[in-house]
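Okay, so here's the structure we're looking at.
Chain identifiers are assigned alphabetically (A, B, ...) following the order of the sequence lines, protein sequences preceding nucleic acid strands; residue numbering begins at 1 within each chain.
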Amino acid sequence: MIENLPKTYNPKDFEDRLYDFWMENEYFVAQVDRNKEPYTIIMPPPNVTGDLHMGHALNNTIQDILTRWKRMSGYEALWVPGTDHASISTEARVVNKLAKEGKTKEELGREAFLEEAWEWTRLYGGNIKNQLKKLGVSCDWSRERFTLDEDMSKAVEEVFIRLYSKGLIYRGDRIINWCPDCGTAISDAEVEHVESHGQIWHINYPIKDSDERITIATTRPETMLGDLAVAVNPEDERYKHLIGKTAILPLVNREIPIISDDYVDMSFGTGALKITPSHDPNDFEIGERFNLGQYVVIDEKGYINSNGGPYEGLERFEARKRIVEDLKEEGYLNQVKDHENAVGHCERCNTIIEPIISKQWFVKMEPLAKPALDAYKNGELNIIPERFGKIYVNWLENIRDWCISRQLWWGHRLPVYYCDDCNEIMVSRTEPNRCSKCGSDRISRETDTLDTWFSSALWPFSTLGWPEETEDLKYFFPTDVLVTGYDIIFFWVIRMVFSSLEQMGELPFKDVFLNGLVNDSQGRKMSKSLGNGIDPLEIIDVYGADALRFTLVTGNTPGNDMRFHMEKVEASRNFANKLWNASRFVLMNLDEDVVSKDFNLIDLEEEDKWIISRLNDAIKAVTHNLDKYEIGLAAQKIYDFIWDDYCDWYIEMVKSRLYGDDQASKELAQRVLLYVLKDINRLLHPFMPFITEEIWQHLPHEENALIISQWPVYKEEHRFEESEKTIEYVKSAIKAIRNARAEMNIGPFKKSMIIFVVENEAIKDLIIEGKRYFINLASAEDIEIVNNKEGLDGDYISVVLDKAEAFLPLKDLIDYDKEIERLEKEEERLQAELKRVRGKLSNQGFVSKAPEKVVNAERDKLKKYEEMMDKVLERLESLRRDK
RNA sequence: GGGCGAUUAGCUCAGCUGGCUAGAGUGCCACGUUGACAUCGUGGAGGUCAUUGGUUCGAGCCCAAUAUCGCCCACCA
């Protein structure tokens, strides 16, 4: 006795159970198997203390689809999971937690703080992992990594040392982006420019020993405290005579030179530029050219320091206010204008960035960027969708050195040591005992840690064991595809590419498949502050993981953002329910002794051949779509095949056989039903792993689990073009008859004879072939085929078909006015078609230049419509006459 | 200031290298408790494919402009 599925589809009954089942059988665990081709994906590591959001759900669903598909296709599929220590974010949270306890990290000290952070990580670190499991991800948990693991740290250290010894990492005083709130330097990529309405102040600087003054323009008046010069363009007639003179800084009365530099744009502002080398990147460069030195006035907390004279101790924006007031009061303020400009904000905490000169560690980017650029330009690296290639190129072509040191504790501490006596820098895997230069034993280690992205950049090879020459590394590297959001191309994708090219000598992956962002139903970004976030776990709880996964990958195109709609989740759930019930139907009609026997292609009936042929097409199309990362199209194709072809037509067509007396035909139908259903589940498995596995476990099956079964392949011998034509013809006839009945308000229970008038022998055969279908699906009592209309009385509905006409004698049920109306509508429709086709065919250009196939198709159509039109008109005429 | 994307049915979106009557889901209307499924079935209404011009025998798709919305990049103070 074959056990059927429960009556209702309830994903909660089996999703967790099946995940355990897969885990227990180690189906996710990949082996180094030289007889198989590897397929490798590394998971973009979510923040260890984070929670699963829709972006993760989408991204991981895509990776899981690819992994499951390749696993079923005979590859040794490895998907490496892991988490990221997310230094700034995690450290901020721990600091926050300490603050609530009335403690600061400085009070605690480094050691104790790190203990706290590890504790925090242990506490929340498991969340995201369990949440991912709910989604059904088939990643290899035995290879799970964390960016702060010992071996990951070893890789980080190794890369740092290698780059340093090649001169690609250096330490220097440069203008960096300083976040006063996070208390650390950040890289350019971490600065978000926000367009904002500000003001621009024009300030008069008096000229020494003169009544003249020079007016400068600035959007940050507080930085005037740090001015070391005023610059004008050498060609500027207005100021030529002032070059070389001295200006007096208002309020603080410091003397500064007036210099000239091409950089100054005469047309902007007043044409005179104040130069603050310590707090502006451009000014810094001009300062270098003129040897102006440095004069820092804003400290690490964003307050004016002792160089700021009377403004010392003021917060930077407070200082701005006060300085503007004072300038006004003392008559230095020339004017104030509204001004739009882009203000840099800290990507994480949204604080306004302060450019500050600071001693930091940098990666020299130019030599690294070049190979990364080449790899893309010569086509080795494939970016999908293509348009993001431009972004990749643009970034690399305009790259600036990467500030990698962070004034944080939670992260990889730089393997750098300083001699307390002679300041010698030593980069080393272990702490040196003595200074390599002066021999002093007073050594201290660098306190800074590395940018989180420094370790993520190594992820494709560090997770596989590098710098050790592991078997995993040799077999699984390079990986096949990187699946991630387009929003981290700069942060991550590019850095992985150049790191891998530098360390491994090859690309970390061949393809980069970029997914869009998941927005709310109004197209707004989901965010905590807006409170419009939708928790994937809640969706899974109510609708099941399969429904969520399907929703996320259907009906959108790679790289495009999507809106999340509840209705769509419901639709996906309904689809799962449909498959569930179709499977129940098959199981309840399956005789146990039938399953062992295979079917013989010769015995198949038309509808069997049709569905097998359709399945064959679906297999080909879905595989092709997946190959091209057209996940949404693949999902749609399976959906249509299951719902339209299999459920709406095949199952309905086959019912008469299942309930009939012909034992052989009945058994054959069962076998085909089962055969197709099994392939359906295989095809759908990557998308909806749970329901398909659950159904599979109830179906008679050879492989122990669907997840490790064989992906279906296209078979030439399963192509049945003639049967497809037959069934498609019958389908369209049934639809036409149903349509006519519905329009005439004659319900399905009022059955009638269908008399077909057909002259064409081939069509006659088709209709005889389709008799069962007309009876079951078009409410036919029986069918009859005649050569002409003679002998038929006028009491019928006429349905004009291609090369045939169907008559439904329904006598007194027929409203003839309505019948005329219906046929007139049909006439109108045909008229429009005829006009279009005739127009095309009378166009000489079309007939002579279009491919013959296209022209012939139009000719066939013309003939078909003409014949149909004749019948419609004839019928209309007789109706009008009788009336 | 540059770049990119979007604009297709009431709504959300597909539409692969230009070629059947432009599709789906959802919503809407009508009918339906037929032995898988009302989380369903059958039928229907609903579109100048943003606008203009061009290329082509043929354009939702290619090209050029325009408009609106969104995103990204950017050291004009």
Side-chain angles (χ1 to χ4, degrees), chain A residues 4-5 7-9 175 193 200 216-220 223 231 263-265 267-270 272-276 280-285 339 341-342 355 385 387-388 390-391 394-395 398 400 486-487 489-490 516-517 521 523 525 543 554-557 559-565 567-568 570-589 621 624-625 628 630 632-633 636 639-640 647-648 651-652 655 659 735 738-743 745 747-749 776-777 829 832-833 836-837 840 843-851 853-855 857-858 860-861:
Chain A
N4 206 336
L5 294 157
K7 189 156 166 50
T8 45
Y9 165 61
I175 291 274
H193 292 273
I200 186 162
I216 58 91
T218 181
T219 53
R220 296 187 297 152
T223 59
Y263 170 79
V264 181
D265 179 351
S267 63
F268 190 88
T270 60
L273 176 62
K274 64 191 265 318
I275 304 295
T276 322
D280 184 280
N282 301 307
D283 294 6
F284 175 82
E285 278 171 32
H339 184 72
N341 71 337
R387 65 173 185 271
F388 289 109
K390 264 194 178 176
I391 294 180
N394 184 54
W395 167 269
N398 297 294
R400 296 163 71 194
Y486 64 74
D487 52 334
I489 294 176
F490 309 131
L517 312 178
S521 60
K525 208 168 178 172
Y543 297 96
T554 319
N556 73 329
T557 215
N560 280 12
D561 293 349
M562 65 175 297
R563 298 183 188 204
F564 193 89
H565 282 269
E567 293 84 349
K568 206 170 158 193
E570 259 172 62
S572 303
R573 189 271 322 265
N574 294 351
F575 170 56
N577 183 62
K578 186 76 184 176
L579 174 64
W580 184 264
N581 281 296
S583 305
R584 280 182 55 233
F585 174 81
V586 172
L587 282 163
M588 78 174 52
N589 286 290
H624 180 250
N625 284 330
K628 291 171 67 184
E630 292 163 351
L633 289 181
Q636 190 63 49
Y639 180 100
D640 290 341
C647 293
D648 288 351
I651 286 183
E652 293 307 326
K655 274 180 179 170
Y659 303 143
K735 280 189 199 169
R738 281 173 175 174
N739 178 335
R741 292 179 60 111
E743 296 215 350
N745 288 330
F749 297 105
N776 289 303
L777 305 177
R829 188 186 69 93
E833 292 306 321
R836 195 184 48 79
V837 176
K840 264 192 175 178
N843 179 342
Q844 268 315 301
F846 175 74
V847 178
S848 61
K849 289 191 180 171
K853 221 175 103 184
V854 176
V855 178
E858 290 302 320
D860 290 347
K861 262 186 272 173

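Looking at heavy-atom distances under 4.0 Å, A:Met562 makes no contact with the nucleic acid at all. Among the protein residues, A:Pro851 comes within range of the nucleic acid bases, having at least one heavy atom under 4.0 Å from a base atom. A:Ala342 comes within 4.0 angstrom of a base, heavy atoms only. A:Arg220 comes within contact range of no nucleotide atom at all, as no heavy-atom separation falls under 4.0 Å. Using a 4.0 Å heavy-atom cutoff across all strands shown, A:Ser572 reaches no nucleic acid atom at all. Across all strands, A:Ile200 comes closer than 4.0 Å to no nucleic acid atom at all (heavy-atom distances). Heavy atoms of A:Asp487 sit nowhere under 4.0 angstrom from any nucleic acid atom. Residue A:Lys853 is classed as having no contact, given no heavy-atom separation below 4.0 Å to the nucleic acid. Counting any heavy atom pair closer than 4.0 Å across all strands shown, A:Phe388 reaches no nucleic acid atom. The residue A:Phe490 sits close only to the backbone: its heavy atoms come under 4.0 Å of sugar-phosphate atoms, none of a base. A:Tyr639 comes within contact range of the sugar-phosphate backbone alone, with a heavy-atom separation under 4.0 Å but no base atom that close.
The nearest whole Å value for the distance from the CD1 atom in A:Ile489 to the P atom in B:C71 is 17 Å. Put simply, CG on A:Asn394 is 14 Å from P on B:G5, counting in whole angstrom units. A:Lys274 has its NZ atom 18 Å from the P atom of B:C75, to the nearest Å.
Geometrically, A:Lys578 does not engage A:Tyr639 in a cation-pi contact defined by less than 6.0 Å to the ring centre and at most 45° from the axis.
In terms of phosphate contacts, A:His339 brings a side-chain nitrogen or oxygen within less than 4.0 Å of OP1 or OP2 of B:A77. Distances shorter than 4.0 Å separate some side-chain N or O of A:Tyr659 from OP1 or OP2 on B:A36. For the pair A:Arg563 and B:C13, the criterion of a side-chain N or O lying under 4.0 Å from OP1 or OP2 is met. In this structure, A:Arg741 does not reach the B:C31 phosphate: none of its side-chain N or O atoms is under 4.0 Å from OP1 or OP2. Within the structure, every side-chain polar atom (N or O) of A:Asn581 is placed at least 4.0 Å from both OP1 and OP2 of B:U39.
A distance of about 23 Å separates the C1' atoms of B:C11 and B:U51, rounded to the whole Å.
For A:Glu652 and B:A36, a side-chain-to-base donor-acceptor distance below 3.5 Å is present, hydrogens and geometry of angles not being considered. One can find a donor-acceptor pair under 3.5 Å joining the base of B:U39 and the side-chain atoms of A:Arg573. Remark: the A:Lys578 side chain and the B:C37 base include a donor-acceptor N/O pair separated by less than 3.5 Å.
For A:Leu633 and A:Glu285, each mapped to the nucleotide of RNA chain B holding its nearest heavy atom, the one lying further toward the 5' end belongs to A:Leu633. Toward the 5' end of RNA chain B, the nearer of the two residues A:Ile651 and A:Gln636, judged by each one's closest nucleotide, is A:Gln636.
Stem analysis of RNA chain B (at least three stacked-register Watson-Crick or G-U pairs, each with both distances under 3.5 Å) gives B:1-7 with B:67-73, B:10-13 with B:23-26, B:28-32 with B:40-44, B:50-54 with B:62-66.
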